[in-house]
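Counting begins at 1 with the first residue of the sequence. Ligands are counted one by one from 1 in listed order, and the atoms in each one are counted from 1 as well. Hydrogens, waters and symmetry mates play no part in the numbers below; they use all other heavy atoms, side chains included. Remember, it's a predicted structure, so these values are computed and weren't measured experimentally.
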Amino acid sequence: MSLRDKLKGIFGGRSDLLKVDELADEFFNILLESDVSLETTEYILREFRKANEQNRKMDRDEAIRILKGILSKILDGARSDFDFLKQDRKPFIVLLIGINGTGKTTTVGKLSYYLLKNGKTVAMGASDTFRAGAIDQLRIHGENLGVRVIYQGMGSDPSAVAFDTIEHARARKLDYAIIDTAGRMQTNRNLMEEMKKIKRISKPDLTILTVDAMAANDAIEQAATFRKEIGFDGLIVNKMDTDARGGAIFSIAHQFRKPIYFIGVGQGMDDMIPYDPGMIIEKIFS
Ligand SMILES: Nc1nc2c(ncn2[C@@H]2O[C@H](COP(=O)(O)OP(=O)(O)OP(=O)(O)O)[C@@H](O)[C@H]2O)c(=O)[nH]1
Ligand SMILES: [Mg+2]
């Protein structure tokens, strides 16, 4: 059951006055079951109690209105005024990083599509030289979009591919160079070292971490490692379409304390939409 359905069913629609403790207990369960992390759930409940320090009773609608305000504020914290389309530096270099399966390669395609649609020119770099199939996966996106993909053979140096991609974009005066990376190496340690090197060599204008909304709690741990080891500017949260529970985005916004630029809502190239807290809140509370 989704967060939305759970909130709708809260107290079986009772409209009498309820104690704050009763409400808080109910919210606690609902939030945790919807995949909001414990840390974020506790924060939400602290805010909820703060909103009613006199500890007076309230009805369900008022409680939900307060909860909506708190959740909106959390999502608003991940807004940013960064605009992909208004970057003068040429090429503007975007590096995608993240654990395997979080949608990096797909997002390189989606971002390119978004930029092309808005009249920009793009080159894509296949710097995941580790996973069998990763290069072809990106080349297929490139063919479908009519975008040049810079690649070398499997096992080649990812930093060299990134460098070539940027050089190509520079020589052709392209607007953007978007670089895919591996999500898995022999060991995680190697992955971090490799990413550091790619970042050092490509000097990205923007480093984006992709996370999977379905695996929010893992994602938070992964993000902490990526932040410590490599650093990133913001996030793209993928697979929001498959997240039946719907609570992960709140932990991601609350705990990462980084901008979320887009959310991924499917596998297609146009299945990426700008991060819009209002829309997410309306979906849950409408
Ligand atoms: N439903 C859904 N599927 C997605 C989304 N984004 C990516 N996928 C799918 O998730 C799978 C993994 O995506 P990739 O882009 O290959 O992920 P990756 O991070 O590049 O993975 P590695 O290369 O293994 O590190 C693919 O089947 C994608 O089509 C999304 O927003 N929604
Ligand atoms: Mg990939």
Side-chain angles (χ1 to χ4, degrees), residues 2 35 94-114 122 124-145 147 149-156 158-159 161-162 165 177-195 198-199 202 204 207-216 218-223 225-226 229-230 232 234-246 248-249 252 260-276 279-280 283:
S2 68
D35 267 358
V94 182
L95 183 68
L96 272 290
I97 59 172
I99 218 77
N100 60 290
T102 52
K104 289 175 299 298
T105 307
T106 310
T107 304
V108 172
K110 287 173 174 177
L111 261 180
S112 298
Y113 177 66
Y114 171 78
V122 186
M124 307 195 283
S127 284
D128 178 356
T129 62
F130 176 73
R131 187 171 66 79
I135 299 169
D136 286 342
Q137 192 185 345
L138 197 63
R139 286 179 64 192
I140 290 168
H141 287 317
E143 270 168 32
N144 291 338
L145 295 170
V147 168
V149 177
I150 306 301
Y151 64 95
Q152 293 174 13
M154 227 185 110
S156 58
S159 297
V161 177
T165 308
I178 306 180
I179 298 162
D180 190 22
T181 61
R184 192 177 1 210
M185 303 291 280
Q186 288 88 342
T187 66
N188 279 338
R189 189 69 221 161
N190 278 346
L191 176 67
M192 292 302 159
E193 290 310 317
E194 199 64 65
M195 294 300 127
I198 296 179
K199 196 171 175 199
S202 61
T207 304
I208 301 176
L209 181 78
T210 54
V211 296
D212 177 344
M214 289 271 282
D218 289 346
I220 286 164
E221 263 175 52
Q222 292 155 13
T225 310
F226 275 97
E229 299 278 341
I230 306 160
F232 58 88
L235 300 150
I236 292 182
V237 182
N238 284 319
K239 308 194 188 183
M240 283 285 282
D241 54 311
T242 60
D243 177 22
R245 288 194 277 257
I249 191 77
I252 293 170
I260 299 171
Y261 305 118
F262 291 99
I263 58 176
V265 293
Q267 299 184 299
M269 290 297 101
D270 54 358
D271 290 327
M272 186 182 80
I273 54 179
Y275 175 66
D276 180 352
M279 198 184 80
I280 296 169
K283 269 202 172 155

Rounded to the nearest 0.5 Å, what separation is found between the CG atom of N238 and the CD atom of Q267? 10.5 Å
F262 side chain reached by L111 side chain, heavy atoms, under 4.5 Å: yes
Which one holds for Q137 and ligand 1: side chain close, backbone close, both close, or neither close, with close meaning a heavy atom under 4.0 Å? side chain
Nearest to atom 7 (C) of ligand 1, what protein heavy atom do you find, and at what distance? T106 OG1, 3.8 Å
Atom 17 (O) of ligand 1 has as its nearest protein heavy atom G103 N, 3.0 Å
For S156, is there any backbone N or O sitting under 3.5 Å from a side-chain donor or acceptor partner on T129? yes
Honestly, for K110 the part within reach of ligand 1 (heavy atoms, under 4.0 Å) is side chain
Going from NZ on K199 to OG on S159, what distance comes out if it is rounded to the nearest 0.5 angstrom? 13.0 Å
At a 4.0 Å cut-off, with the gap strictly under it, does some heavy atom of G98 reach an atom of ligand 1? no
So which protein heavy atom does atom 8 (N) of ligand 1 come closest to, and at what separation? K239 CE, 3.9 Å
Considering only heavy atoms, does N100 approach ligand 1 within less than 4.0 Å through its side chain, its backbone, both, or neither? both
What part of T242, side chain, backbone, both or neither, has a heavy atom within less than 4.0 angstrom of ligand 1? side chain
Counting heavy atoms only, which part of R131 comes closer than 4.0 Å to ligand 1: side chain, backbone, both or neither? side chain
Is the closest heavy-atom distance from D241 to ligand 1 below 4.0 Å? yes
Examine Q137 and say whether one of its N/O/S atoms is closer to the Mg ion (ligand 2) than 2.8 Å. no
Check V265 against ligand 1 and report side chain, backbone, both or neither, counting heavy atoms closer than 4.0 Å. backbone
